[in-house]
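As structure tokens, the structure follows; a few thoughts come after it.
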Amino acid sequence: QVQLVESGGGLVQAGDSLRLSCAASGRTSSYAAMGWFRQAPGKEREFVAADNWSGGNTYYADSVKGRFTISRDNAKNTVYLQMNSLKPEDTAVYYCAYKRAPYFMATMTSPDVYDYWGQGTQVTVSS
């Protein structure tokens, strides 16, 4: 089992920045892929970003490309999502997700492939 705990959410104004963290514990592996998803009220959970164990392969949703950056610290079992130039449409609950190896990075945009999920952290961007 792997436990994921997100933190760093909050209420900010448009144009501000936030950094989300997701700490993994339990039977973790540095070779896992990790991703971030978000879900706004009344909408389906959508992919935000993902990276493989080394950070050498990263994927971003078009809506966040150039504004958000996913990174990880394997020594701390933590993945981060740096969010810059936030927009009101970024308002959502943000979830981190963990996928055991092996995996194919092209599939990491689907929530169905992930093995574990965090409880989520709320991000609200006011205009």
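Residue numbers run from 1 in the order of the sequence given. Everything numeric here is computed off the predicted structure, so don't read it as measured data.
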Exercise for review: Look up atom CG in Asn74 and atom CE in Met34, then write down how far apart they are to the nearest 0.5 Å.
Suggested key: 9.5 Å

**Study point:** Sequence neighbours excluded - salt bridge (charged side-chain N to carboxylate O under 4.0 Å, His left out) pairs with any residue from residues 110-121
**Key:** Lys99-Asp115, Arg100-Asp115

Check your understanding: Is there any salt bridge (charged side-chain N to carboxylate O under 4.0 Å, His left out) pair reaching into residues 5-30, and which pairs are they, with sequence neighbours excluded?
Key -> none

Practice item. Take atom NZ of Lys43 as the centre, draw a 6.0 Å sphere, and report whether it contains more than 12 heavy atoms from other residues, nucleotides or ligands. Key: no

Check your understanding: Cluster question for you: counting only ILVMFWY and a side-chain heavy-atom cut-off of under 4.5 Å, with indirect links fine, are Val113 and Tyr31 together?
Key -> yes

Practice item. Using the rule that two of Ile, Leu, Val, Met, Phe, Trp, Tyr join whenever any of their side-chain heavy atoms come within less than 4.5 Å, decide whether Val79 and Met108 are in one cluster. Key: no

**Study point:** Shortest non-hydrogen contact between Leu18 and Gly8, atoms and distance
**Key:** CD2-O, 3.6 Å

Review point. Can any side-chain N or O of Thr78 pair as donor or acceptor with the backbone N or O of Lys76 at less than 3.5 Å?
Key: yes

Check your understanding: Are any non-hydrogen side-chain atoms of Gln1 and Tyr116 less than 4.5 angstrom apart?
Key -> yes

Practice item. Check for a donor-acceptor pair, side chain of Thr28 on one end and backbone N or O of Ser25 on the other, with a separation under 3.5 Å. Key: no

Point to revise | Side-chain heavy atoms of Ser71 within contact of Gln82, under 4.5 Å | key: no

Point to revise | Where Trp36 and Ile70 come nearest, the two heavy atoms and their spacing | key: CD1-CD1, 3.7 Å

Review point. Do Glu89 and Thr91 have side-chain N/O donor and acceptor atoms under 3.5 Å apart?
Key: no

Review point. Roughly how far, to the nearest 0.5 Å, is CG of Asn52 from CG of Asn57?
Key: 4.5 Å

Check your understanding: Should Cys22 and Tyr80 count as side-chain neighbours, where that means a heavy-atom distance under 4.5 Å?
Key -> no

Check your understanding: Got a sec, which pairs hit disulfide (SG to SG under 2.5 Å) with one end in residues 56-88, sequence neighbours left out?
Key -> none

Study note, to complete from the structure: Heavy atoms of Gln122 and Ala92 approach each other most closely as NE2-O, 3.4 Å

Check your understanding: Quick one: does Ser110's side chain have a donor or acceptor within less than 3.5 Å of a partner on Thr107's backbone?
Key -> no

Check your understanding: Which residue pairs satisfy the ring-ring contact (aromatic ring centres under 6.0 Å, His included) criterion with at least one member in residues 8-29, sequence neighbours excluded?
Key -> none

Study note, to complete from the structure: To the nearest 0.5 Å, atom CZ of Arg72 lies from atom OG1 of Thr58 at 11.5 Å

Practice item. Applying side chain to side chain contact (heavy atoms under 4.5 Å, CB included), name anything that partners Asp90, two or more places apart in sequence or on another chain. Key: Arg38, Arg67, Phe68, Leu86, Lys87, Tyr94, Val125

Review point. At their closest point, which heavy atom of Gly9 faces which heavy atom of Thr121, and how far apart are they?
Key: N-OG1, 3.2 Å

Check your understanding: Tyr59 and Ala106: which non-hydrogen atoms are nearest, and at how many Å?
Key -> OH-CA, 3.5 Å

Practice item. Grab the two heavy atoms, one from Leu4 and one from Gln119, that are nearest each other, plus how far apart they are. Key: O-OE1, 3.5 Å

Point to revise | Partner residues of Phe37 under the ring pair (Phe, Tyr, Trp, His ring centres under 6.0 Å) criterion, sequence neighbours left out | key: Phe47, Tyr114, Trp117

